[in-house]
2 protein chains.
Amino acid sequence: MRASETRRQIVEVADRLFYEIGYEATSFADIARDVGLSRGNFYYHFKTKDEILDAVIERRAATVHALLDTWEDAGESPSDRIRSFVRILVENRTKIMAHGCPVGTLCAELSKLQHAARDDAARLFALFRTWLARQFVALGHEGEADALALHLLMRSQGVAALATAFRDEDFIRREVADMEAWLEARCPAAPSTVSHRPD
Amino acid sequence: MRASETRRQIVEVADRLFYEIGYEATSFADIARDVGLSRGNFYYHFKTKDEILDAVIERRAATVHALLDTWEDAGESPSDRIRSFVRILVENRTKIMAHGCPVGTLCAELSKLQHAARDDAARLFALFRTWLARQFVALGHEGEADALALHLLMRSQGVAALATAFRDEDFIRREVADMEAWLEARCPAAPSTVSHRPD
DNA sequence: GTCTATAGCAGGATAGAC
DNA sequence: GTCTATCCTGCTATAGAC
C-alpha cells in the first residue's frame with residue numbers, strides 16, 4: 001500500500017481513538033491493531049507519539065474548516081449559520097454524551113499533561129471563535145462580536161461537559177433551544193430591546 | 001506515624017495531583033514522593049490505584065459539602081448563596097485557567113477511560129445540582145428549579161473549559177458578571193417580565 | 001508501619017531481515 | 001513498506017526484612 005494512504009489511515013484511526021479513549025490512554029499498539037499494521041512498521045510513518053498528535057490536530061483543523069465552510073454555504077443568513085453551529089450539539093448528542101466535545105476534551109487533556117501541542121489544540125477553538133465572531137459582525141454587533149462568539153462557545157462547552165456527566169438528552173435539547181432563543185433576541189429582524197451583551 | 005494520618009496525607013496529595021496532572025498521568029511514585037513515602041510502603045495503605053481514586057472522590061464530596069454548607073450559612077438570601085457559587089470561578093481563576101474545574105475534568109477523564117468510578121465522579125456534580133435547585137425553589141421557581149440549576153452548572157463548566165483553553169481572566173469576569181445579571185433577573189426582588197426559563 | 005528488592009507487564013522506540 | 005525481534009523505561013503490585 002502507498003505510504004501516504006497508510007499514513008492517512010493511521011491519522012484517521014488515531015483521531016477516533018484520541019477522541020474515544022483519550023490521547024494518553026491510546027497506545028501505539030491500539031492504533032496499529034485498528035489499522036492492521038505491526039507495531040514495528042508503525043515507526044516508518046511516525047517517529048513519536050507527539051508526531052501523530054500533531055497530525056491529528058491538523059486533521060481536526062481541516063475538519064473544522066470544512067464544517068465552517070459547509071455552514072457558510074448552507075446558511076442563508078448569519079443567524080442561520082450560527083444556528084448550524086448550535087445544532088451540532090443535538091446532531092452529535094450520542095457521541096457527545098459518550099465522549100464529550102472532541103475539541104474541548106483534547107484541550108483539557110493536553111493542558112493537564114502540559115503538552116507542547118496544548119496551544120495548537122486551543123487554536124481549534126479559535127477557529128470557531130473567529131468564525132462565530134464574523135457572523136456576529138455581519139449581524140451588526142461589531143464591538144461585541146468576539147464576546148458573543150466566546151459566550152456561545154462557552155455554552156456549547158458547558159452543555160457538552162454536563163451531557164457527558166449526566167447523559168441527559170433532554171438537557172441538551174433544552175439548552176440548544178435556549179441558545180436559539182438567545183440568538184433570536186440578537187438578530188436584526190427581532191432586536192433585543194434591552195442590551196446586546198450576552199445574557 | 002499513625003496509619004490514619006499517613007492515609008489522610010496520601011489522599012490529600014493524590015487529590016492535588018489528580019487535579020493538576022490528571023488521574024492516569026499520576027503514578028504511585030509521584031504520590032509517594034510528595035508524601036515522603038517509599039513506593040513499597042504505599043501498598044500498606046492502598047492496594048490499588050482505584051482505591052485511591054475512590055478515596056479522592058470521597059474527599060472531594062466532603063469538600064463540596066463543606067463548601068455548600070459555608071454558602072448556606074453565609075448567604076443571607078438564596079440568591080446570595082447562588083452568587084457564592086458563581087463567584088468561585090473568579091476566586092479560583094488561577095487554578096481554573098491552569099487545570100480546569102476539578103469536578104468537570106475528573107468526570108471527563110473517567111468517562112473516556114470508561115472507569116468504574118465514572119458515576120461516582122458525576123455524583124459530585126449532582127451535589128451542586130441539588131443544592132442549586134433547592135435555592136431556586138426557595139426563590140419561587142419550583143417547577144423549573146432543576147433546569148435552572150443545570151443551566152448555571154452548565155455555564156460554570158463552559159467558562160472553566162474556555163478559561164483553560166484561552167487563559168483569559170477578563171473572559172471569566174465578564175461571564176461571571178453575566179451570570180449574576182441572569183440571576184438578578186430571576187430574583188423575586190426583581191422578577192423577569194418575560195419568562196422563568198433560562199435564557 | 002516503613003523499608004528495600006524485585007517480579008511482571010505494557011508502553012514507546014529501534015535494528016535489521018525481507 | 002512491512003515484518004519480527006528486541007531494548008529500555010516506568011508502571012502497578014508483591015514479598016519479606018526490620
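So you know, we letter chains A, B, ... as the sequences are listed, proteins then strands, and number each from 1. FYI, side chains are in, hydrogens and waters are out, and symmetry mates aren't considered; it's all heavy atoms of this structure.
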Worksheet item: What integer distance in Å separates B/Arg8:CZ from C/dG1:P?
Response: 15 Å
Item to complete: Taking only Lys NZ, Arg NE, NH1 and NH2, and the carboxylate oxygens of Asp or Glu, determine whether B/Arg87 and B/Glu180 approach each other closer than 4.0 Å.
Response: yes
Worksheet entry | Salt-bridge contact A/Arg83-A/Glu76 (side-chain N to carboxylate O under 4.0 Å) | no
Worksheet item: Any donor-acceptor pair under 3.5 Å linking the side chain of A/Lys112 with the backbone of B/Tyr19?
Response: yes
Fill in: Centroid-centroid under 6.0 Å between B/Phe46 and B/Phe28 rings
no
Practice prompt. Report the distance from atom CZ of A/Phe28 to atom P of C/dC9, rounded to the nearest whole Å.
Written response: 23 Å
Worksheet item: Can you list, by residue number, the residues of residues 10-26 of chain B that have a non-hydrogen atom closer than 4.0 angstrom to DNA chain D?
Response: B/Thr26
Worksheet item: Using 4.0 Å as the upper bound for N to carboxylate O, is an ion pair formed by A/Glu72 and A/Arg81?
Response: yes
Item to complete: For the residue pair B/Glu58 and B/Asp120, establish whether any side-chain heavy-atom pair is separated by less than 4.5 Å.
Response: no
Item to complete: Scan residues 33-53 of chain B against DNA chain D and write down, sorted by residue number, each residue with any heavy atom closer than 4.0 Å; if none is found, say none.
Response: B/Arg39, B/Gly40, B/Tyr43, B/Lys47, B/Thr48, B/Lys49
Worksheet item: Got a salt bridge between B/Asp170 and B/Arg173, using NZ or NE/NH1/NH2 to carboxylate O under 4.0 Å?
Response: no
Discussion item. Checking A/Asp30 against A/Ser27: is there a side-chain donor and acceptor pair closer than 3.5 Å?
Written reply: yes
